[in-house]
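Heads up: the structure comes next, in structure tokens.
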Amino acid sequence: MDISFNYEIRETDFIEDAVKLLQVGLLNSANATEFTHAILNPPYLKINAHSKVRELLRSIGLETSNLYTSFMAATAQLLKPNGEFVAITPRSFCNGPYFRDFRKMFLEMMALQQVHLFESRQEAFSDDDVLQETIIIQATKQTQKSSSVIINTSSGANDDLIMSHSVPYTALVNPNDLEQFIHILPDKISQQIVQRMELFTCTLKDLGLTVSTGRVVDFRAKDYLRINPENNSVPLIYPVNLSNGYVEYPKITKKPQAIVHIEETANLLIPNEHYVLCKRFSSKEEKRRVVAVVYNADQFNYAYVGFENHLNYFHNNGRGLSLTLARGLAVYLNSTLVDAFFRLFNGHTQVNATDLRKLKYPNLDQLLSLGTAIKEQFPSLREIDQLIENQLVSMSNLSENNPITTKSRIDEALQILTQLGFPRAQLNERSALTLLALLDLKPTDSWELATFPLIGITPMMNFMAQHYGKTYKPNTRETVRRQTVHQFLDAALIVANPDDLSRPINSPKTVYQIENSALELLRTYATDEWEKSICTYLASVETLKKQYAQEREMSHIPIVIAGEIKTLSPGGQNILIVEKIINDFAPRFTPSGKLIYVGDTDEKFAHFDEAALVDLGVNIDSHGKMPDVIIHFTTNNWLVLIEAVTSHGPINPKRKKELEVLFRGAQIPLVMVTTFLSRKAMVAYLAEIAWETDVWVGEDSTHLIHFNGEYLLQAYQREKKQTS
């Protein structure tokens, strides 16, 4: 579609220009400049507190520390009522104290409609070293908020697998939250996690506690730091000292392990009492975002201790906690529930003290009860989650739908794929869910109950939505097929169409099944037999791969091209290509033609003479979808592009345009032909055939049907009878 529009490029500083326009509007609303739509990808850059930009922003009522939120705020103010706003930005404005004023201003005037979250921190802004998740927001300038918001999620910009979920507006932004944090809930599991966290209503203030950042900034205090403890020094605890729920000290590391205790360092130290320490920095790629340990003062014969600035510490008005309370608090913070909840609203690398203050906590009795259950050895994650479930959740009406069980099952499947040696591209939630669907394994099922259904891609995705709360858009099926199922096939983890080996792999009826020995292996997961079973399986898997490769090869269709025997995978489309197009159509309608390309349903192609295409002026874009067969009809000097229709459609106007673009460099005319096995197969597609293309039907092999466009009527030239 051709779209005409007028545009103006302004080579000015946007913030200066926007502030001028807004100030004119304030002085004289008749001369105000307002816009109906805004699309922006603002720069990510910190703003100095005393800079000119900061001054300009204050003049329009905004205090913010980053340029991208200033662009967003100024743009929102320039929009007309009901104006539309779309921006791609880091996610960091969604929480934390630095963007509080911006959130309040923006959310007061704008109503969020959709949010698209890119989970990977490595892609969208990798060139700018932005270590945060990226989001696209769509909003409308209105005070009335929608009842619900659409949350879409994908790994990165090039990921076609998009999860879509609708949440109430109040779940995204709680109107009673003074901080106006934006909680992005991408699926049902996330909503269940939020519901569970709502069981806890205590703030740190209610508990008589607070959390602060470690006082020792090492580069500022370097003159007072010591590699090892000395006389007149006290312990200095870094994140590296945190280990298995407690503090390991001293530790062999490059970090100093002590700080001298003199008058100049007195304000950097705190009394040697029991505390809970938490790492300030962790990436979302780490197993745990919230890492907390107990600082047990009984292990240290000192009066004071220093906590380095990359740690947060929980305390009671500057003093320590009871050891039981410290243990209970550390157990809660290390739970999968807290970790999963924290990930929902924190998309950057910091675990700020403000974030920890915003969390809700169990009451004092519950924390003490958790702490009483802990002895000298800190519990494992599974034991922690069981404690949380038994002591804090079991009495609620949420005990049946346990999102932690669901999440743990996905994590287990991911761990299995890792141990099976799959590459990084398959070590993701998509592949884990695909494996669980292939096993028909629900969150609470034992691995011993794994089965081996025949299942297609769409039923797999339905399984993911029904049992794991992950609803993917229907048009993302191909990503599951290409990025997970194909790799499972190559690894012999699954087999395709075991019920009918002649069924083409791209048939809509294609089904997959877990391979027998793989099924036996997976049934031993989480048992004493697992380690032995996986060693045996991995030792034999190469033999399995070869066996299934041979079986696939034996069912392939042989084809002779330029005197060389090649093979095509079995199935309807390739039967049409080999038996009809190459053996029947080509000799009849393109005699002596040169076969340049033959596609294959399993592989990208069976034959490709790329040099011949280049000689004709065609350089194929690797992203373009090739026709099934290409022939250079040398007699007429035509390039004949042929589509074989079995499970895919014909050359319709859209496909015709795609082929014209793909072969736009061709120096000779293009002829496009759609082929069918039978007239009955053709009838279903008659209304779609593009004008000025041809149709050939295998059962009427001596005839071509031309769908004429430019020439409406031509005389049929009959042979004249000779008279005597």
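- At most 12 heavy atoms of other shown residues, nucleotides or ligands fall within 6.0 angstrom of atom CZ in Phe452.
- A salt bridge does not link Glu34 with Lys80: none of the charged nitrogens is closer than 4.0 Å to a carboxylate oxygen.
- Scored by the side chain to side chain donor-acceptor pair (under 3.5 Å) test, Gln142 finds no partners at all (sequence neighbours excluded).
- Between Ile189 and Tyr468, the closest heavy-atom pair is CD1-O, 3.3 Å.
- The aromatic rings of Phe707 and Trp691 sit tilted relative to each other, their planes meeting at an angle between 30° and 60°.
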Residue pair Val86, Ile137: steps toward the side chain to side chain contact (heavy atoms under 4.5 Å, CB included) verdict: CA-CA 6 Å; Val86 175; Ile137 62 168; over 6 Å; no
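- Side-chain rings of Phe488 and Phe422 approach one another, their centers coming within less than 6.0 Å.
- The pair Lys509-Asp500 does not count as a salt bridge, with every side-chain nitrogen at least 4.0 angstrom from each carboxylate oxygen.
- In the model, Asp187 has no side-chain atom that pairs as donor or acceptor with a side-chain atom of His165 under 3.5 Å.
- Shown here for Met464 and Leu433, the closest heavy-atom pair between the two residues is CG-CB, 3.8 Å.
- The distance from the OG1 atom of Thr153 to the CG atom of Leu185 is 10.0 Å, given to the nearest 0.5 Å.
- How far CG of Leu40 is from CE of Met72: 7.0 Å, rounded to the nearest 0.5 Å.
- Applying the salt bridge (Lys or Arg N to Asp or Glu O under 4.0 Å) rule to pairs touching residues 657-679 yields Lys654-Glu658, Arg655-Glu658, Lys656-Glu660, Arg679-Asp700, sequence neighbours excluded.
- Among all heavy-atom pairs drawn from Ala437 and Ile455, the shortest one is O-CD1, 3.8 Å.
- Proximity of a side-chain donor or acceptor of His706 to a complementary backbone N or O of Glu692 within less than 3.5 Å is not detected.
- Counting only heavy atoms from C-beta outward, the side chains of Ile668 and Phe663 never approach each other to under 4.5 Å.
- Closest of all the heavy-atom pairs between Leu79 and Lys141 is O-NZ, 2.8 Å.
- Looking at residues two or more places apart in sequence or on another chain, you find a side-chain contact (heavy atoms from CB on, under 4.5 Å) between Ala465 and Thr471.
- Side-chain contact between Pro42 and Thr89 is present, with heavy atoms from C-beta onward closer than 4.5 Å.
- The distance from the OG atom of Ser592 to the CD1 atom of Ile631 is 11.5 Å, given to the nearest 0.5 Å.
- For the residue pair Pro587 and Pro591, the shortest heavy atom distance occurs at O-CB, 3.6 Å.
- Within the 3.5 Å criterion, the main-chain N or O of Gln426 finds a donor-acceptor partner in the side chain of Ser431.
- Within 6.0 Å of the NZ atom in Lys188, the count of heavy atoms belonging to other residues, nucleotides or ligands does not exceed 12.
- Between Tyr512 and Leu438 there is a side-chain heavy-atom pair separated by less than 4.5 Å.
- Glu84 and Thr36 are not linked by any side-chain donor-acceptor pair at a separation below 3.5 angstrom, with hydrogens and angles left out of the test.
- Taking Ser678 as the reference, Lys680, Ala681, Glu699 meet the side-chain contact (heavy atoms from CB on, under 4.5 Å) condition, with sequence neighbours excluded.
- Summarising the local packing, CD1 of Ile39 is surrounded by 12 or fewer heavy atoms from other residues, nucleotides or ligands at distances under 6.0 Å.
- Between the CZ atom of Arg503 and the CG atom of Asn497 there is a distance of 4.5 Å, given to the nearest 0.5 Å.
- Pairing each heavy atom of Val511 with each of Leu454, the nearest pair is CG2-CD2, 4.0 Å.
- Applying the side-chain contact (heavy atoms from CB on, under 4.5 Å) rule to Thr451 yields the partners Asp440, Pro453; only residues at least two apart in sequence or on another chain are considered.
- For Thr418, the side-chain contact (heavy atoms from CB on, under 4.5 Å) partners two or more places apart in sequence, or in a different chain, are Leu427.
- Here the CG-CD1 distance, from Leu172 to Ile151, works out to 5.0 Å after rounding to the nearest 0.5 Å.
- Here the side chains of Phe85 and Met110 are in contact, with some heavy-atom distance below 4.5 Å.
- No side-chain donor-acceptor contact under 3.5 Å links Gln138 and His116.
- In this structure, a donor-acceptor pair under 3.5 Å is absent between the side chains of Thr434 and Thr484.
- The closest donor-acceptor contact from the side chain of Thr675 to the backbone of Glu643 lies under 3.5 Å.
- We find the CD1-CG distance between Ile88 and Asn41 to be 6.0 Å, quoted to the nearest 0.5 Å.
- A side chain to side chain donor-acceptor pair (under 3.5 Å) with His632 holds for exactly one of Asn637, Thr590, Asp615; it is Asn637.
- Inter-residue side-chain proximity for Phe14 and Thr75 is flagged as met; some heavy-atom pair is nearer than 4.5 Å.
- With contacts defined as side-chain heavy-atom distances shorter than 4.5 Å, the pair Glu429/Ile410 qualifies.
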